[in-house]
Amino acid sequence: MPFNSQEDVAFRRYSESILLGERVNRYSWWVHARELGDYLLPRRYKWLITPNQMSRGSPINQHILDSTGTLAARNLAAGIFSGLSNPARPWFKLKIGKTDSAGNNPVSVWLKLVEEILSTIFHLSNFYQSIAVFYYDLVIFGTAVMLIYEDFDNVIHCYNPCFGEYYVDNDGKLRPLIFSREFTYTISQTVGEFGFDNCSDNVKRMYDEGTSKQANAANLTREIIIAHHVEPNQGVDSFGISRDFPFRECYCEWGGTTNPQTNSGGTGLLRKKGFNESPATAVRWDLVSNDPYGRSPGMDALPDVKQLQQETRRKGQGIDKMVNPPMIADVQLKNQPASLLPGGTTYVQGFSQTGNPGFASAYGNWRPDIKAIGDDILIVQDRIKRTFFNDLFQTISQYQTRSNVTAVEIDARRAEALVMLGPVLGRLTGEGLRNFIERTFSIASRAGNEKSRILPPAPQEISGREIDIEFVSILAQAQQAAAAGSIERLLGVAGNL
């Protein structure tokens, strides 16, 4: 059913206005993120959103000579992935009050079944592939977003918009619940996703020509810009979306495909929908005041990463000048054939009478101190690794030169490092993982029909009660162990007394 009502036109205009305002507010973050992308993760950043496929594969990592920063960020992202949401082991449990899934009563059995079903959904869908990209974005850009939608085949399907294509804003409680983005779709993708009737006249025309005329089949691969907006379903106007839904979203064609001012070619609104929970989840690494975007280890490491690239460039230049230095030569050789190749011969007239008028280095006996540069590069590399918490996730490998390391020392160092990650892990689980689980649970609970439900019927004992989520990942247990260590030491002192 096409969107042609005045509410649809108003919703599109409203969403575009919000997106334009968010674009202005994001500009300084956008510029900074470009530097982060250039030096750390070029392929996960979009500087300009343009429907131009021809230039996307061009080399964009021209700033990276030493990949230590990229590797250190990857190690941190991999450590968080395996420590918080490892697919090889349980990382969350469901509880109702004090009852968990470890008992034998009907509530515990139901909780256990739901845990297994949710784990299966995560494994069969692209959740773990998406959350790995999510962590990588988070440690470099400080802000990461993942979209979770219903999927007929795998219950859920996840999307990872990259920094540069999305915008985030806070609600009145400083929660990142307002989300917008610009992305590109081909004509074929647009019609396949949103339906032929909902597209503008321009898109319909190109699709008809591409499908009916073989010569115009290239029209199907042409791209247009799509605008997407998600926010709480509040305000004076709900734009035709029921107030029963706490969230609303819309997709619309952006740019020259439609003219919403004159309503020429349709409203340009491709989809509007209400949600019980937001499909977009934004997480920040660290926050300052009411900023919608977060700070990251990548931002802290950026000066060192720049210094590392400069020193690596200078080291290469020094080696090059030692191996192939600029030369000076006697004027007698100016118009004579000469060879600087190994084993080459240069013939000079009157060589025995005039001495050696051959070649010499322009630097004379001076040689750059390559070892000093290399030592400083190692110091900078180590500083970058520590900024990305690599010492936390590679505790054992730090003691390769020692054979007398005790388990107590390793545990103490892990506990010390986990204190530094405590606030970040709390925000990750609170803003991110908890929302992912709740969104997936809600989608699974609504999927199917009376005869084929994904989740089993809940026992009568839990009617109207809240389901709590407890995280039992490796990092969560390590933090609990670190807290228990202080209690153990206190009891030891008390026992001695």
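We use all heavy atoms of the structure for the numbers below, so side chains are in, but hydrogens, waters and symmetry mates are not. No experiment lies behind these values; they were computed from the predicted model shown.
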Asker: Do Phe436 and Phe134 have ring centres separated by under 6.0 Å?
Answerer: yes
Asker: Are Gln307 and Arg383 side-chain neighbours, meaning at least one heavy-atom pair lies under 4.5 Å?
Answerer: yes
Asker: Taking side chain as C-beta onward, heavy atoms only, is Ile178 less than 4.5 Å from His229?
Answerer: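 Result yes, sub-4.5 Å side-chain heavy-atom pair found.
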Asker: Do the charged groups of Glu311 and Lys315 touch, with an N to O distance under 4.0 Å?
Answerer: no
Asker: State, with a plain yes or no, whether a side-chain heavy atom of Lys273 is found less than 4.5 Å away from one of Ile241.
Answerer: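 Side chain of Lys273 against side chain of Ile241, heavy atoms only: no contact under 4.5 Å found.
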Asker: Side chain of Arg12, backbone of Glu253: donor and acceptor closer than 3.5 Å?
Answerer: yes
Asker: Ignoring hydrogens, what is the shortest heavy-atom contact between Ile148 and Cys158? Give both atom names and the distance.
Answerer: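 Nearest pair, atom of Ile148 first, then Cys158: CG1-SG, 4.0 Å.
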Asker: Using a strict threshold of under 4.0 Å (side-chain N to carboxylate O), is an ion pair present between Arg434 and Glu277?
Answerer: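 Between Arg434 and Glu277 there is no salt bridge, as every charged N stays at least 4.0 Å from the carboxylate O atoms.
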Asker: When you measure from the side chain of Glu22 to the backbone N and O of Val168, does any donor-acceptor pair fall under 3.5 Å?
Answerer: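 A pair under 3.5 Å: no.
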Asker: Between Val31 and Arg34, is a side-chain contact (heavy atoms from CB on, under 4.5 Å) present by the stated rule, with each step listed?
Answerer: CA-CA 5 Å; Val31 175; Arg34 183 186 187 182; 5.7 Å; no
Asker: Hey, is the main chain of Ala72 close enough, under 3.5 Å, to the side chain of Asn390 for a donor-acceptor pair?
Answerer: yes
Asker: Parallel, tilted or perpendicular, judged at 30° and 60°: which one describes the rings of Trp91 and Phe471?
Answerer: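 It falls in the parallel class, under 30°.
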Asker: State, yes or no, whether a side-chain contact exists between Leu76 and Pro297 at a heavy-atom distance under 4.5 Å.
Answerer: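 Yes, their side chains come closer than 4.5 Å.
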Asker: If you look at every heavy atom in Ile121 and Ile156, which pair is closest and at what distance?
Answerer: CG2-CG1, 3.8 Å
Asker: Do Asn276 and Phe245 pass the side-chain contact (heavy atoms from CB on, under 4.5 Å) test, and can you show the C-alpha distance, the side-chain angles, and the key distance before you say yes or no?
Answerer: CA-CA 5 Å; Asn276 291 302; Phe245 294 110; 3.9 Å; yes
Asker: State the CZ-CD1 distance between Phe92 and Ile437, to the nearest 0.5 angstrom.
Answerer: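 CD1 of Ile437 is found 5.0 Å from CZ of Phe92.
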Asker: Give me the atom names and distance for the closest heavy-atom approach of Ala227 to Leu19.
Answerer: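 Scanning both residues, the minimum pair turns out to be CB-CD1, 4.1 Å.
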Asker: Just by modelled atom types, is the Ala280 backbone N or O under 3.5 Å from a matching donor or acceptor in the Ser278 side chain?
Answerer: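 Yes, because the side chain of Ser278 sits within donor-acceptor range (under 3.5 Å) of the backbone of Ala280.
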Asker: Could you give me the CA-CA distance, side-chain angles and deciding distance for Asp169 and Ile18, then say whether side-chain contact (heavy atoms from CB on, under 4.5 Å) is met?
Answerer: CA-CA 10 Å; Asp169 205 354; Ile18 293 292; over 6 Å; no
Asker: Taking side-chain contact (heavy atoms from CB on, under 4.5 Å) as the definition, give me every residue that meets it alongside Thr70, ordered by chain and number, with sequence neighbours left out.
Answerer: Ile64, Tyr136
Asker: As an exercise, state the distance from OH of Tyr251 to CZ of Phe183, rounded to the nearest 0.5 Å.
Answerer: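 Interatomic distance, Tyr251 OH to Phe183 CZ, rounded to 0.5 Å: 5.5 Å.
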Asker: Between Phe389 and Val139, does the side-chain contact (heavy atoms from CB on, under 4.5 Å) criterion hold? Intermediate values first, please.
Answerer: CA-CA 10 Å; Phe389 299 94; Val139 302; over 6 Å; no
Asker: Is there a donor-acceptor pair under 3.5 Å between the side chain of Glu182 and the backbone N or O of Ile225?
Answerer: no
Asker: Measure from the side-chain N and O atoms of Arg284 to the backbone N and O of Pro292, and report whether any donor-acceptor pair falls under 3.5 Å.
Answerer: yes
Asker: Would you say that more than 12 heavy atoms from the other residues, nucleotides or ligands in this model lie under 6.0 Å from the CG of Asp375, or not?
Answerer: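 Counting other residues, nucleotides and ligands, CG of Asp375 exceeds 12 neighbours.
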Asker: Taking all heavy atoms of Asn435 and all of Gly430, pick out the closest pair and write down the distance.
Answerer: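 Answer, listing the atom of Asn435 first, then Gly430: OD1-O, 4.2 Å.
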Asker: Just jot down the ring-ring contact (aromatic ring centres under 6.0 Å, His included) partners of Tyr293, sequence neighbours excluded, or say none.
Answerer: Trp29, Phe163
Asker: In chain order, what residues pass the side chain to side chain donor-acceptor pair (under 3.5 Å) check against Arg181, with sequence neighbours excluded?
Answerer: His228
Asker: Are Pro279 and Val230 close enough that some pair of their side-chain heavy atoms sits under 4.5 Å apart?
Answerer: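 Side chain of Pro279 against side chain of Val230, heavy atoms only: contact under 4.5 Å found.
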Asker: Working to the nearest 0.5 Å, report the span between CD1 of Ile319 and CD of Gln317.
Answerer: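 If I round to the nearest 0.5 Å, the distance is 11.0 Å.
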Asker: Can you tell if the side chain of Ile131 reaches within under 4.5 Å of the side chain of Leu433, non-hydrogen atoms only?
Answerer: yes
Asker: When rounded to the nearest 0.5 angstrom, what is the spacing between OG in Ser188 and CD in Glu193?
Answerer: 11.5 Å
Asker: What distance do Ile80 atom CD1 and Ser473 atom OG have between them, rounded to the nearest 0.5 Å?
Answerer: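 Ile80 atom CD1 to Ser473 atom OG measures 11.0 Å (nearest 0.5 Å).
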Asker: Please check this pair: side chain of Ser108 against backbone of Asp100, looking for a donor-acceptor N/O pair closer than 3.5 Å.
Answerer: yes
Asker: Please check if the side chain of Arg427 supplies one atom and the backbone of Trp285 the other of a donor-acceptor pair under 3.5 Å.
Answerer: yes
Asker: Could you tell me which non-hydrogen atom of Tyr128 sits nearest to which non-hydrogen atom of Ser85, and how far apart they are?
Answerer: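 Heavy atoms of Tyr128 and Ser85 come nearest at CE2-O, 3.4 Å.
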Asker: Got a second to check how far Ile377's CD1 is from Asp66's CG, nearest 0.5 Å?
Answerer: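 So the gap between those two atoms works out to 7.0 Å.
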Asker: Could you tell me which non-hydrogen atom of Trp110 sits nearest to which non-hydrogen atom of Pro456, and how far apart they are?
Answerer: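 So the two residues come closest at NE1-O, 2.9 Å.
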Asker: Considering only heavy atoms from C-beta outward, does the side chain of Thr143 approach that of Tyr166 to under 4.5 Å?
Answerer: yes
Asker: Please check this pair: side chain of Ser130 against backbone of Asn160, looking for a donor-acceptor N/O pair closer than 3.5 Å.
Answerer: no
Asker: Does Ile384 offer a backbone N or O that forms a donor-acceptor pair with the side chain of Asp304 under 3.5 Å?
Answerer: no
Asker: Can we call the ring centroids of Phe122 and Phe127 under 6.0 Å apart?
Answerer: yes
Asker: A side-chain contact here means heavy atoms from C-beta on lying under 4.5 Å apart; do His63 and Lys306 qualify?
Answerer: no
